[in-house]
Amino acid sequence: MTGRSRGNVLVLGGGLAGVACAHRLGDEGIGVTLFDRNDYHQFQPLLYQVATAQLPAEDIARPHRVIFHAHPTVEVRTVHVAEADVANLRLTLAGGETVAGSHLVIAAGAQPEYFGVPGAAEHAYPLYSVSDAERLRLHVQDLVHGVAEGELAEDALDVVVVGGGPTGVEISGALTELMAALAAMGRIPRAGRVVLIDRGNNLLGAFSAKSHRYAHKRLAKQGAEPRLGTGVAAVYADRVELDDGTVIPTRTVIWGGGESAAPVVQAAAGLKTGHGGRVDVLPDLTVEGNPHVYAIGDAANIPAAHGAALPQLGSVAQQSGHWAAGNILRVRNGQPAKPFHYKDKGIMAMIGRNAAVAEVGKHRHQVDGPVAFAAWLGVHAMLLSGAHSKADAFMAWAWDYFDRDHAATVEWSTTPKRIAWGDEAADVPHISVDRRDPATAGSS
Ligand SMILES: Cc1cc2nc3c(=O)[nH]c(=O)nc-3n(C[C@H](O)[C@H](O)[C@H](O)COP(=O)(O)OP(=O)(O)OC[C@H]3O[C@@H](n4cnc5c(N)ncnc54)[C@H](O)[C@@H]3O)c2cc1C
């Protein structure tokens, strides 16, 4: 059954890209239907804070209906999209309903990419969604309790992180701080090891040599063990095997090793996909041969001025969503679509409290420490602004987080310090966590 008129713009995915697109169209009174399997928008840059109990999951997941409450032309549907039919501008929803629109905007984001490493999909913990972060938090919490109560050996807390990019570095930094704090408080006999594996020879590979050294030094100082120049050969429930033959016993492998486009994107008939299974888009963000179909954010390979594709970053997602909406509006008004122009906000990573690194400006000027944190804060407040109007609440929480003495304030068994968003009690997202142990996942 086709349940909708062809008038609406269909936006598949309510992440940074989809929300930015729907917002701009909604501002102009254009009819939009936004589809997401979750009833909330999630803010990935703060996932590792949820995974390490620094923030409750609700703080980084904002219900779509709250985001669009002042946009009557934006309809939100919480449903899994099973198929995208590009030629017919149509989506098939779980349950079989089909919905056709005037335009299709593909903003379905990405999924973890395991590169065929045996056991990784079954046993590793990805960190891509709020429910991933919650699952990891609950798993580590169980291990901490087990060790604290003497039911598990001390080494049950040893962790292996795969991937030395921003995700791997940030979660390693936060975990070493957490472990050190728990040990300092006497909750556990010793801090769990945090071994960070990367095939390359540097951490934060996309950054400059100065940042590589900074990240390595800071992480090592915090107690992490970067192990570079070797990859992961196989992951098991109780150990990891590396390419060089080393075996590291661990119950917790965190996968920050890469991502590829969401399954619905990779399976869509008629879409030209390239590197990472992402949609190769034209400079105006449309797909070749169909000017009514756009792909944006992590689902797309967006050409950069210097030839390569833009990186999978929040600012790229948000700006491309805004731009795609602008092009839809332009074409409706009889003007040509314009090539996307990305305003580069720089690249940055938080290695720990008081330890951030940023490369900003045309010449990628490198800064670290509080100045880098201020840059991180500015960019992330801008990213959050699509979902929240209270940037000052985020700023206040973040400076407090950055400054706080971690060891004194691990709120492991109590409620972590919330961001004062001032939400109504009813504004809660419905977050469900698949608590299956990765050891048994996939076996049912
Ligand atoms: C751990 C981590 C940390 C990061 N840190 C930073 C950072 O510090 N700074 C930065 O700039 N960027 C960071 N990024 C990258 C940034 O978060 C992403 O580039 C950005 O969120 C991509 O936005 P998106 O809208 O394209 O995709 P997403 O935010 O992934 O949104 C896609 C949406 O599509 C929905 N969806 C997918 N498939 C379906 C389907 N079949 N049916 C229904 N709905 C579907 C999903 O539920 C999701 O809501 C980080 C990413 C990760 C994973």
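Numbers for residues simply follow the sequence, beginning at 1. Counting convention: from 1, in listed order, for ligands and their atoms alike.
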Classify the contact between V379 and ligand 1 as side chain, backbone, both or neither, using a heavy-atom distance cut-off of under 4.0 Å. neither

Please determine if V81 has a nitrogen or oxygen closer than 3.5 Å to a nitrogen or oxygen of ligand 1. yes

Can you list every pair that meets ring-ring contact (aromatic ring centres under 6.0 Å, His included) and has a residue in residues 250-283, with sequence neighbours left out? Y114-W255

Tell me which protein heavy atom sits closest to atom 43 (C) of ligand 1, plus the residue, atom name and distance to 0.1 Å. R37 N, 3.2 Å

Side-chain heavy-atom pair V287, Y294 within 4.5 angstrom cut-off: no

Protein contact to atom 29 (O) of ligand 1 [nearest heavy atom, distance to 0.1 Å]: G15 CA, 3.6 Å

Working to the nearest 0.5 Å, report the span between CG of L34 and CG of N8. 11.0 Å

Give a yes/no verdict on whether any heavy atom in P166 is under 4.0 Å from an atom of ligand 1. no

Nearest to atom 11 (O) of ligand 1, what protein heavy atom do you find, and at what distance? G314 N, 2.8 Å

Hey, is V265 one of the residues with a heavy atom under 4.0 angstrom from ligand 1? no

Give me the residue, atom name and distance of the protein heavy atom closest to atom 37 (C) of ligand 1. A108 O, 3.1 Å

What's the shortest distance from atom 50 (C) of ligand 1 to any protein heavy atom, and which residue and atom give it? Q44 CB, 4.1 Å

Ignoring hydrogens, just give me the one of G297, G18, A107 whose non-hydrogen atom is nearest atom 32 (C) of ligand 1. A107

Does ligand 1 have a heavy atom under 4.0 Å from the side chain of L313, from its backbone, from both, or from neither? both

Starting from atom 6 (C) of ligand 1, which protein heavy atom do you reach first, and at what distance in Å? P45 CG, 3.5 Å

Considering non-hydrogen atoms of the protein only, which is the closest contact for atom 48 (C) of ligand 1, and what is the distance? D36 OD2, 3.4 Å

Out of G109, A110, S131, A317, who is nearest to atom 27 (O) of ligand 1 when you count heavy atoms only? G109

Ring pair (Phe, Tyr, Trp, His ring centres under 6.0 Å) between F68 and H23: does it pass, once the steps are laid out? CA-CA 7 Å; F68 292 108; H23 240 149; 5.2 Å; yes

Report the C-alpha distance between H64 and Y40 in whole Å, list the side-chain angles of each, state the deciding distance to 0.1 Å, and finish with yes or no for side chain to side chain donor-acceptor pair (under 3.5 Å). CA-CA 5 Å; H64 288 119; Y40 54 84; over 6 Å; no

Can you tell which part of V264 has a heavy atom less than 4.0 Å from ligand 1: side chain, backbone, both or neither? side chain

Under 3.5 Å donor-acceptor, N202 side chain and H212 backbone: no

Looking only at protein heavy atoms, what sits closest to atom 8 (O) of ligand 1 is H380 NE2, 2.9 Å

Could I get the full list of ring-ring contact (aromatic ring centres under 6.0 Å, His included) partners for H322, not counting sequence neighbours? none

Under 4.0 angstrom from ligand 1, any heavy atom of H41? no

Step through the shown structure and confirm whether more than 12 heavy atoms of other residues, nucleotides or ligands are within 6.0 Å of CZ on R332. no

Salt-bridge present (E97, R77; N to O < 4.0 Å): yes

On the 0 to 90° scale, with breaks at 30° and 60°, tag the F340-W323 ring pair as parallel, tilted or perpendicular. perpendicular

